[in-house]
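Quick notes on the structure that follows.
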2 protein chains.
Amino acid sequence: MPTQGPARRADAQRNQDAVLAAAAEVFATTGVNAPVRQIADRAGLGVGTLYRHFPTRTDLVLAVYRHQVEACADAGPALLRDLGSPAAALREWVDQFVRFLATKHGLADMLQSDAAGYHALHAYFLDRLVPVCADLLAAAAAAGEIRPAVEAYELMRGIGNLCIGGRDENYDPGRLITLLLDGLRPLAH
Amino acid sequence: MPTQGPARRADAQRNQDAVLAAAAEVFATTGVNAPVRQIADRAGLGVGTLYRHFPTRTDLVLAVYRHQVEACADAGPALLRDLGSPAAALREWVDQFVRFLATKHGLADMLQSDAAGYHALHAYFLDRLVPVCADLLAAAAAAGEIRPAVEAYELMRGIGNLCIGGRDENYDPGRLITLLLDGLRPLAH
DNA sequence: TGCTAAACGGAACAACGTTCCATATATTCG
DNA sequence: CGAATATATGGAACGTTGTTCCGTTTAGCA
């Protein structure tokens, strides 16, 4: 129940929703790095209002995509439970993440950007997803389906990096990530 | 013998060299995306002069790093000749490229940037290195050391992407690339 | 219907890439 | 050894962005 404090004004709530909707649209068309003014214009608001509700771009990006990240995090344990093999669960989970990331123009770039402002975004994604990935890796290793040859953190960053630049007829992140996971199989004797 | 045409002015040559030297220093410290003014200041020249000699950032980056890219391209056939196994040659060649790329702050980012201006840079690297990589892959595949599971173009882009963000105690592009190459080994029967 | 705190809008500033042309200077030629 | 001239230079100026700030507006309430 968020009924604490001196009740936020209705127009503020309305405008925040408008910014969120505008950002979602603009992110989808222009990309996650779209100019602030473009988002403000689309929402029919001034840039000051936008900054009031979302002080940093990270705040805005997170507000737009948080649900999908959470869904992805939740999918990990579910897949591990529902699919027979932990390795298959890992593969499906990674595929799901790649499908999410590769379609968000510029998001993968942002995630690894060394710009100070994006550190929080980077941290959120990793904090949320690395533990899930670690569980999947551990289960697959315990089942003898993969070698414990990589840390979840490193794997997640690698997957994120491979998604940068999207996908075209000559480059498909999914293929390379399959190869990466193939590299985790036990060595031939 | 470049003694054709109306002989370029001596100061022009001198200034071009100065820009090149300044750019090399600034790229190494600030990164490949350093502000144009910073490079011009370091060279003791105006920005106009810099733009005259290097109209685009791609021109400047290429002038600074061309030698190393060429050296990397030349190393491919040499390694294939000198090392016993094509797969070992591939691995060593890839390592060499990664060592080059991972130490150039921001260069890997630039290579995959979808900004229109960097297309030429992207193209130069790929045109120069993909054929070399393709030869190494073909040789290793012919020797039965790897499966023909990836195109040279895709592999090179993947390697470039994995180098983005450099290397720290928790993320080492080299480890992931090793894993990627492991994924090319023939499947256990 | 006023009052007041909350919220808004957009002008203003800083940092950057890029262009342009008045000025300065190598080089050449008489 | 001077002009003459093509070449080269410098940096002001413009457009685009992110970000801040404050005068003005307005929702909620008494």
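- Residues passing the salt bridge (charged side-chain N to carboxylate O under 4.0 Å, His left out) test with A/R185: none are found, sequence neighbours excluded.
- Here the P atom of nucleotide C/dC16 and the CG atom of B/D41 are 11 Å apart, to the nearest Å.
- Following rounding to the nearest Å, A/N33 (CG) and D/dT19 (P) show an atom-to-atom distance of 12 Å.
- Residues from residues 48-64 of chain A placing a heavy atom under 4.0 Å of any atom in DNA chain C, listed by number, are A/G48, A/T49, A/R52, A/H53.
- Between the CD atom of B/Q38 and the P atom of C/dC16 there is a distance of 8 Å, rounded to whole Å.
- Applying the salt bridge (charged side-chain N to carboxylate O under 4.0 Å, His left out) test to A/E151 and every residue at least two apart in sequence or in another chain returns nothing.
- Listed for the A/T58 side chain is no donor-acceptor partner under 3.5 Å among the backbone atoms of A/H119.
- The separation between A/Q13 atom CD and C/dA6 atom C1' is 14 Å, rounded to whole Å.
- An OP1 or OP2 oxygen of C/dA7 is reached within less than 4.0 angstrom by no side-chain nitrogen or oxygen of A/N15.
- If you measure from atom CZ of B/R14 to atom P of D/dT7, you get 18 Å, rounded to the nearest angstrom.
- For D/dT26, its base sits under 3.5 Å from the side chain of A/R9 at one donor and acceptor pair at least.
- In this structure, A/R37 places its CZ atom 12 Å from C1' of C/dG9, rounding to the nearest Å.
- When atom types are taken as modelled, the side chain of A/W93 and the backbone of A/A73 share no donor-acceptor pair closer than 3.5 angstrom.
- For the salt bridge (charged side-chain N to carboxylate O under 4.0 Å, His left out) test, residues two or more places apart in sequence or in another chain that qualify with B/R175 are A/E154.
- Applying the salt bridge (charged side-chain N to carboxylate O under 4.0 Å, His left out) test to A/D168 and every residue at least two apart in sequence or in another chain returns B/R157.
- Around the CZ atom of B/R99, the shell of radius 6.0 Å holds more than 12 heavy atoms that belong to other residues, nucleotides or ligands.
- Side chain of A/D41 to backbone of A/Q38: no donor-acceptor contact under 3.5 angstrom is found.
- Each of A/A12 and B/A10 lies near DNA chain C, and the nucleotide nearest A/A12 is the one positioned closer to the 5' end.
- Remark: nothing in residues 17-26 of chain B comes within less than 4.0 Å of DNA chain D through any heavy atom.
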